[in-house]
Protein chains: 2
Amino acid sequence: MAKITKINHVAIAVPDLDASLTFWRDALGLTLDHVEDVPSQKSMVAFIPCGDSEVELVKPTADDTGVAKFIAERGGGMHHLCFQVDDIEEMLADLKEKGIRLINETPQVLPGRKMAFVHPKSTGGVLVELYQLT
Amino acid sequence: MAKITKINHVAIAVPDLDASLTFWRDALGLTLDHVEDVPSQKSMVAFIPCGDSEVELVKPTADDTGVAKFIAERGGGMHHLCFQVDDIEEMLADLKEKGIRLINETPQVLPGRKMAFVHPKSTGGVLVELYQLT
């Protein structure tokens, strides 16, 4: 069976990257690795390594994304929890067989990674992302 | 300056531990380390190691806690993000000097750990916990 190896990242929805960095980088003292435009997710993402995981600050670049709606409703906050897995296709097939509702039944393929989301209806309200490095 | 060394855990508020374990343990395949009664937090906590961090499922044992109110309002979900620090008193003093609003200005001392919460007003909506192993 496919295995989760670690928390890859915790994603935090933010309306303004620079303003957020005054807390996460300047106050907490975490190190900003880089900021990346992720057009497939319609967002700018600040990658902040933390131990063996990352904090990702996600600022939407369009109004029609899940993150943009989350910010409109709540102002911002923890948006999703991403686990790294060793075989995402096998994990998705296994979850589906167990009756878990998936947002993506097949992974989205991006440079260096494959990713899929599990529906919060099946997780107790947590948007769970699965991530396989490729 | 005090330093964050890793994400200690991501806490997930749940109304029912056993029901939650059907997802986190049985479907995702994570390993339940143990369940602990934490009277100081009026909660039962399931500790689920994941890589160098943990997922903690937190079930309130009283109605007057922050987690109980969170569940009453939202049904459950990611509740707080806990960073491990090497010197919690120094970190709290530093955050206070930088104008960050703290829920606990001095750490609560529990067996094996000291802990304090940072107010979500200063973090962009994330309840941040700081944790020092002792």
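Remember, it's a predicted structure, so these values are computed and weren't measured experimentally. Worth knowing before you read on, the calculation uses all heavy atoms, side chains too, and leaves out hydrogens, waters and symmetry mates.
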Looking at every heavy atom in both B/Val126 and A/Gly77, which two are closest together, and how far apart are they?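 So the minimum-distance heavy-atom pair works out to CG2-CA, 3.8 Å.
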Within a strict 4.5 Å, meaning less than it, do heavy atoms of the [X] and [Y] side chains meet?
{"X": "A/Leu95", "Y": "B/Leu28", "answer": "yes"}
{"X": "B/Phe83", "Y": "A/Leu30", "answer": "yes"}
{"X": "A/Phe23", "Y": "B/Val118", "answer": "yes"}
{"X": "B/Val128", "Y": "A/Trp24", "answer": "yes"}

Is it the backbone or the side chain of [X] that comes under 4.5 Å from a heavy atom of chain B, or both, or neither?
{"X": "A/Asp26", "value": "backbone"}
{"X": "A/Val85", "value": "neither"}
{"X": "A/Ile100", "value": "side chain"}

Residue, of [options], that accumulates the most heavy atom pairs under 4.5 Å with chain B:
{"options": "A/Leu57, A/Asp94, A/Leu81", "result": "A/Leu81"}
{"options": "A/His80, A/Arg74, A/Gln84, A/His79", "result": "A/Arg74"}
{"options": "A/Ile7, A/Thr22, A/Thr123", "result": "A/Thr123"}
{"options": "A/Lys98, A/Met78, A/Glu97", "result": "A/Met78"}
{"options": "A/Ala19, A/Gly99, A/Gly29, A/Cys50", "result": "A/Cys50"}

If you group Ile, Leu, Val, Met, Phe, Trp and Tyr by side-chain heavy-atom gaps below 4.5 Å, do [X] and [Y] land in one group?
{"X": "A/Val10", "Y": "B/Phe70", "result": "no"}
{"X": "A/Leu110", "Y": "A/Ile88", "result": "no"}
{"X": "A/Met44", "Y": "A/Ile12", "result": "yes"}
{"X": "B/Val35", "Y": "B/Val45", "result": "no"}
{"X": "A/Leu133", "Y": "A/Phe117", "result": "yes"}

Counting only non-hydrogen atoms closer than 4.5 Å, does [X] touch chain A with its backbone (N, CA, C, O), its side chain (CB onward), both, or neither?
{"X": "B/Glu54", "result": "backbone"}
{"X": "B/Ser20", "result": "neither"}
{"X": "B/Val14", "result": "neither"}
{"X": "B/Met1", "result": "side chain"}

More than 12 heavy atoms of other residues, nucleotides or ligands under 6.0 Å from CG of A/Asp64: yes or no?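 Yes - once you tally the heavy atoms of other residues, nucleotides and ligands closer than 6.0 Å, there are more than 12.
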For A/Asp37, is the CG atom crowded, meaning more than 12 foreign heavy atoms sit under 6.0 Å from it?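 Result for CG/A/Asp37: enclosed.
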With chain A, which of B/Ala27, B/Ser53, B/Ser122 has the greatest number of heavy-atom pairs at distances under 4.5 Å?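 Of B/Ala27, B/Ser53, B/Ser122, B/Ala27 has the most heavy-atom pairs under 4.5 Å with chain A.
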